[in-house]
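All remarks here apply to the structure that follows.
Just so you know, these numbers use all the heavy atoms, side chains as well, and skip hydrogens, waters and symmetry mates. A note on names: the letters A, B, ... follow the listed sequences, proteins ahead of strands, and every chain is numbered from 1.
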There are 2 protein chains.
Amino acid sequence: MTTVNALSEIAALMGDPARASMLSLLMDGRAHTASDLAHTAGITAQTASGHLARMVEANLLAARAQGRNRFYRLASPEVAHAIESLMALAGTRAAPASKSAAWRRDPDLRFCRTCYDHLAGQVGIAVTDSLTRQGHLEPKGPRDWQLTPSGELFCDRLGVDLGTARHASTRHFARQCLDWSERRPHISGALGAAIADTFFKRGWAERLRRSRTVRLTDSGRRALGSHFGATV
Amino acid sequence: MTTVNALSEIAALMGDPARASMLSLLMDGRAHTASDLAHTAGITAQTASGHLARMVEANLLAARAQGRNRFYRLASPEVAHAIESLMALAGTRAAPASKSAAWRRDPDLRFCRTCYDHLAGQVGIAVTDSLTRQGHLEPKGPRDWQLTPSGELFCDRLGVDLGTARHASTRHFARQCLDWSERRPHISGALGAAIADTFFKRGWAERLRRSRTVRLTDSGRRALGSHFGATV
DNA sequence: TCAATCGTTCGGCCACGACCGAAGTATCAT
DNA sequence: ATGATACTTCGGTCGTGGCCGAACGATTGA
């Protein structure tokens with residue numbers, strides 16, 4: 001294969017409107033699910049799946065499976081750079097990673113939200129980081145954590161319902177879940193749900209209706225400081 | 001939405017094998033006739049004519065009529081930069097085995113070539129490395145360099161036309177350009193063009209006809225050693 | 001276990017665009 | 001003038017590839 005053919009193949013991948021839409025969304029530097037990308041491109045899931053597979057094959061994208069979801073992101077900064085230089089030709093500048101429209105549009109969603117039934121966003125990450133930093137949570141396998149003895153004690157004091165959480169034997173207890181806004185894993189599974197439940201029961205956080213957005217109350221902010229040693 | 005369509009349209013233009021062949025030839029920075037480009041792409045003149053018209057329309061190419069001939073060239077250094085960054089992606093794309101095969105197919109191109117109007121390949125990198133190593137060039141921002149006082153002196157002694165280079169105010173003076181074969185930045189912009197010009201004027205290098213490939217002369221090889229402290 | 005959700009593979013339809021032959025317009029040479 | 005060369009426009013063929021419906025596989029939660 002010559003360099004010319006390689007050039008045309010890469011450019012042709014970016015040259016399809018649907019794929020370009022996906023790449024443009026991924027220019028925010030974060031990972032997105034296949035459904036999310038399909039919806040953005042305005043095509044069905046099965047069509048998107050083919051597109052995504054081709055772009056992974058060509059090393060434009062990297063994929064990571066997580067539960068039922070598959071998260072796709074740009075494979076490297078070089079890919080982003082190439083896309084940006086193409087956009088520069090069109091006279092419109094590529095949006096820098098930190099200035100995505102969706103990013104600015106929903107600062108609250110980025111701050112705190114529910115992910116299924118557990119906390120995500122900056123607050124979810126703050127809680128997770130606190131637990132690992134204090135030695136309450138330690139890695140167990142590639143995608144799970146386990147509670148240490150000190151972690152059990154900590155949760156008991158906090159009022160987290162560990163009994164129910166452990167009783168849900170069909171569910172992962174302390175699962176890692178990739179946070180799409182922070183791009184790092186936060187705590188999910190039965191333990192993550194139990195912790196989120198505690199936040200709601202003790203009035204530290206409250207759901208906004210018709211939205212995944214979660215508002216951290218004043219007492220919640222204080223609790224984050226006193227119990228988790230975190231300021232957000 | 002507009003920016004996405006623009007991205008796909010530009011990329012789609014580069015994504016056709018015939019057009020990619022033409023663009024690749026035009027990466028030598030010179031102007032070529034329509035027949036020349038058609039022959040390179042392996043298509044008939046009338047097909048090439050359509051391709052060229054579309055690329056002019058999209059501001060990828062600029063055309064100039066001269067007698068019976070029409071000469072086409074890349075419309076701007078930005079176009080060259082976009083193509084180069086796509087080629088950089090293509091280098092990492094292929095599987096290791098087929099990559100080295102393609103790699104060996106163009107050893108001369110990898111050694112030294114023009115990237116629009118400046119030097120690329122091992123020689124381009126050798127020059128750039130020498131300038132930074134000797135403190136003639138220092139980083140200025142994420143994608144630019146600036147010439148130090150010692151660098152100015154060095155260029156003057158070499159016979160590089162700094163006055164003209166600085167006078168081109170519409171253009172970046174010392175830009176970083178990612179070298180697709182060496183995978184590291186080499187010097188481009190007005191200074192890169194002036195340095196390349198010096199290499200050609202002093203007989204250190206000469207272009208091969210109908211190709212981006214540049215041949216380093218014996219005196220050029222000696223000059224690299226004496227002026228740049230580099231052996232290639 | 002069952003149901004729901006997310007993602008993929010398969011098969012077939014169909015449009016876009018690359019391609020060439022033929023013909024038309026300049027420009028140059030003799 | 002006539003012919004030759006360089007390039008373009010037009011018309012029609014045809015293959016590649018994007019698209020969706022349907023069915024299947026995987027993971028999660030009740």
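- Which of dC20(D), dA4(D), dT8(C) sits closest to the side chain of Tyr72(A) comes down to dT8(C).
- We find that CZ of Arg70(B) is positioned 16 Å from P of dA6(D), with the value rounded to whole Å.
- Here the C1' atom of nucleotide dA26(D) and the CZ atom of Arg64(A) are 17 Å apart, to the nearest Å.
- Taking only side-chain nitrogens and oxygens, Thr44(A) comes nearer than 4.0 Å to OP1 or OP2 of dC20(D).
- dA6(D) atom P lies 16 Å from atom NE2 of His32(B), rounded to whole Å.
- Atom CG in Asp16(B) sits roughly 17 Å away from atom P in dC16(C) (whole-Å rounding).
- Out of dG18(D), dT28(D), dC19(C), the shortest distance to the side chain of Arg19(A) is found at dG18(D).
- We find that CG of Leu37(A) is positioned 15 Å from C1' of dT8(C), with the value rounded to whole Å.
- Rounded to whole angstrom, the span from the CD atom of Gln46(A) across to the C1' atom of dC10(C) amounts to 11 Å.
- The distance between atom CZ of Arg54(A) and atom P of dG17(D), rounded to the nearest whole Å, is 7 Å.
- Ring centers of His81(B) and His172(B): at least 6.0 Å apart, outside the cut-off.
- Here the P atom of nucleotide dT8(C) and the CG atom of Asn69(A) are 11 Å apart, to the nearest Å.
- Here His51(A) does not reach the OP1 or OP2 of dG17(D): none of its side-chain N or O atoms lies under 4.0 Å away.
- Considering only side-chain atoms of Arg68(A), the nucleotide from dT27(D), dC19(C), dC19(D) that sits closest is dT27(D).
- Ring pair Trp145(A)/His136(A): centre-to-centre distance not below 6.0 Å.
- Put simply, Ser49(A) has a side-chain N or O that comes within less than 4.0 Å of OP1 or OP2 on dT8(C).
- Closest contact between the side chain of Ala34(B) and the listed nucleotides dT8(D), dC20(D), dT5(C) involves dT8(D).
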